[in-house]
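Note that this is a predicted model, so its numbers are computed, not measured.
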Amino acid sequence: MEYDIQFPVKGKRLFISNRYLEFSHFGWGNINSQFYGYIKGYKESADTLVEHALASNRIAILDTYIFPVLFLYRQFVELSLKSLYLEYADETMNEKIQTIKQVNHNLVKMWNKLRPTLINASHDKSDKEIIKVVESYIVQYHNFDKSSFKFRYPIDKDNNPLLKGEERIDLVNLKDRMTELDNFFGGVDGQLDYLKECKYEQEQYLREIEAEMKAEYEAEMRAEYEAEMRSNMDW
């Protein structure tokens with residue numbers, strides 16, 4: 001039996017765009033749409049890997065796909081937190097940029113910066129309860145992989161092993177919990193976007209009222225001035 005084993009070919013380029021439905025189109029749209037693409041890509045790629053690993057019934061796949069799965073899910077969580085914070089936190093953009101730099105890949109620190117925005121937007125006790133549950137998920141993932149390196153490399157920068165011993169992770173459970181987080185992030189994004197739009201419309205209304213009052217005041221002052229001038233002329 002002959003096998004068609006392919007090796008690198010001289011002159012071949014890695015990144016090209018050729019036949020339709022064989023290339024990916026990215027980098028379009030504003031920052032929000034680009035965040036969405038990254039988040040969706042990481043989450044759904046991890047889901048696909050989990051589903052393939054489970055369907056394979058092969059230990060070799062289950063025990064190796066876990067590394068990209070855990071990295072991709074962590075990226076999904078991190079980018080979801082940062083996207084919501086950048087879009088809806090009541091801070092200046094300079095403050096937000098400094099925060100992103102300071103928290104780096106720390107999920108708990110990023111969550112702590114986003115949480116006040118979520119709390120302020122919550123309506124009742126049930127909203128606050130789900131926020132607590134989500135926080136527990138974030139903390140668990142952070143404690144599991146604090147630096148975001150654990151499932152990218154087997155060693156740290158000093159050649160120390162990042163995995164301290166054998167572990168077992170239920171992929172079905174992990175995927176279900178990540179889907180719950182995805183549903184939460186999507187829900188609060190819609191809620192915060194609505195509140196942001198309402199705030200903008202209210203501010204726009206107040207600006208219009210202020211402009212009308214200013215115009216009326218200026219018209220009254222102008223009328224008084226013209227009346228005074230006419231009175232002086234008559235005298």
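When the shell of 6.0 Å around NZ of Lys164 is examined, it contains more than 12 heavy atoms from other residues, nucleotides or ligands. Heavy atoms of other residues, nucleotides or ligands lying less than 6.0 angstrom from CZ of Phe184 number more than 12. Within a 6.0 Å radius of OH in Tyr137, other residues, nucleotides and ligands contribute more than 12 heavy atoms.
To the nearest 0.5 angstrom, Lys113 atom NZ is 11.0 Å from Lys96 atom NZ. In this structure, CZ in Arg168 is found 12.0 Å from CG in Leu62, a value given to the nearest 0.5 Å. From Leu181, atom CG reaches atom CG of Asp176 across 11.5 Å, with rounding to the nearest 0.5 Å. A distance of 11.0 Å separates OG1 of Thr99 from CE of Met93, quoted to the nearest 0.5 Å. A distance of 12.5 Å separates CG in Leu70 from CD in Gln75, rounded to the nearest 0.5 Å. Atoms CG and CD, on Asp127 and Gln191 in that order, are 6.0 Å from each other to the nearest 0.5 Å.
Among pairs with a residue in residues 47-63, those fulfilling salt bridge (charged side-chain N to carboxylate O under 4.0 Å, His left out) read Lys43-Asp47, Glu51-Lys175, at least two apart in sequence or across chains.
Under the 3.5 Å distance criterion, the side-chain polar atoms of Asp158 are left unmatched by any main-chain donor or acceptor of Asn160. Between the side chain of Asn104 and the backbone N or O of Asn106 there is no donor-acceptor pair closer than 3.5 Å. Checking side-chain atoms of Ser136 against main-chain N and O of Val133 turns up a donor-acceptor pair under 3.5 Å. No donor-acceptor pair under 3.5 Å is formed between the side chain of Ser45 and the backbone N or O of Tyr42.
Both Leu171 and Leu163 are part of a single hydrophobic cluster, where members link through side-chain heavy atoms under 4.5 Å apart. Cluster membership check: Leu54 shares its hydrophobic cluster with Leu72, using side-chain heavy-atom separations under 4.5 Å among Ile, Leu, Val, Met, Phe, Trp and Tyr. Note on Met178 and Ile169: same hydrophobic cluster, where clusters join Ile, Leu, Val, Met, Phe, Trp and Tyr whose side-chain heavy atoms are under 4.5 Å apart, directly or indirectly. At a threshold of 4.5 Å between side-chain heavy atoms, the hydrophobic network of Ile, Leu, Val, Met, Phe, Trp and Tyr places Val108 and Val134 in two separate groups. Linking Ile, Leu, Val, Met, Phe, Trp and Tyr residues whenever their side-chain heavy atoms come within less than 4.5 Å places Ile100 and Leu192 in a single cluster.
Across Gly29 and Gln34, no two heavy atoms sit closer than the pair O-NE2, 3.2 Å. For the residue pair Phe35 and Ser83, the shortest heavy atom distance occurs at CD2-CB, 3.6 Å. In plain terms, the two heavy atoms of Ile61 and Ala53 that are nearest each other are CG2-CA, 3.6 Å. Contact record, Leu107 with Leu81: O-CD1, 3.9 Å, taken as the closest heavy-atom pair.
A salt bridge links Arg177 to Glu180: at least one charged side-chain nitrogen sits closer than 4.0 Å to a carboxylate oxygen. One finds no salt bridge joining Glu129 and Lys125 here, because no Lys/Arg side-chain nitrogen approaches an Asp/Glu carboxylate oxygen to under 4.0 Å.
Cation-pi check for Arg152 over Phe149 is met; the charged atom lies under 6.0 angstrom from the ring centroid and within 45 degrees of its normal. Both cation-pi conditions hold for Lys150 and Phe144: the charged atom is under 6.0 angstrom from the six-membered ring centre and inside a 45 degree cone around its axis.
Note on ring orientation: taking the six-membered ring where Trp is involved, the planes of Tyr73 and Phe76 are perpendicular (angle over 60°, cut-offs 30° and 60°).
Between the side chains of Ser126 and Asp124, at least one donor-acceptor pair of N or O atoms lies under 3.5 Å. Tyr85 and Glu91 share a donor-acceptor pair across their side chains, judged by distance under 3.5 Å alone. Of the N and O atoms on the side chains of Asn120 and Thr117, not one donor lies less than 3.5 Å from an acceptor on the other residue.
At a threshold of 4.5 Å between non-hydrogen side-chain atoms, the residues Arg74 and Phe151 do not count as touching. The shortest distance between side-chain heavy atoms of Asn112 and Val103 does not fall below 4.5 Å. Between Glu78 and His105 the shortest side-chain heavy-atom distance falls below 4.5 Å. Val50 is not listed as a side-chain neighbour of Leu174, based on a closest heavy-atom distance of 4.5 Å or more. Within the 4.5 Å cutoff, the side chain of Asp145 has no heavy atoms near those of the Leu162 side chain. The shortest side-chain heavy-atom distance between Tyr88 and Asp189 falls under the 4.5 Å cut-off.
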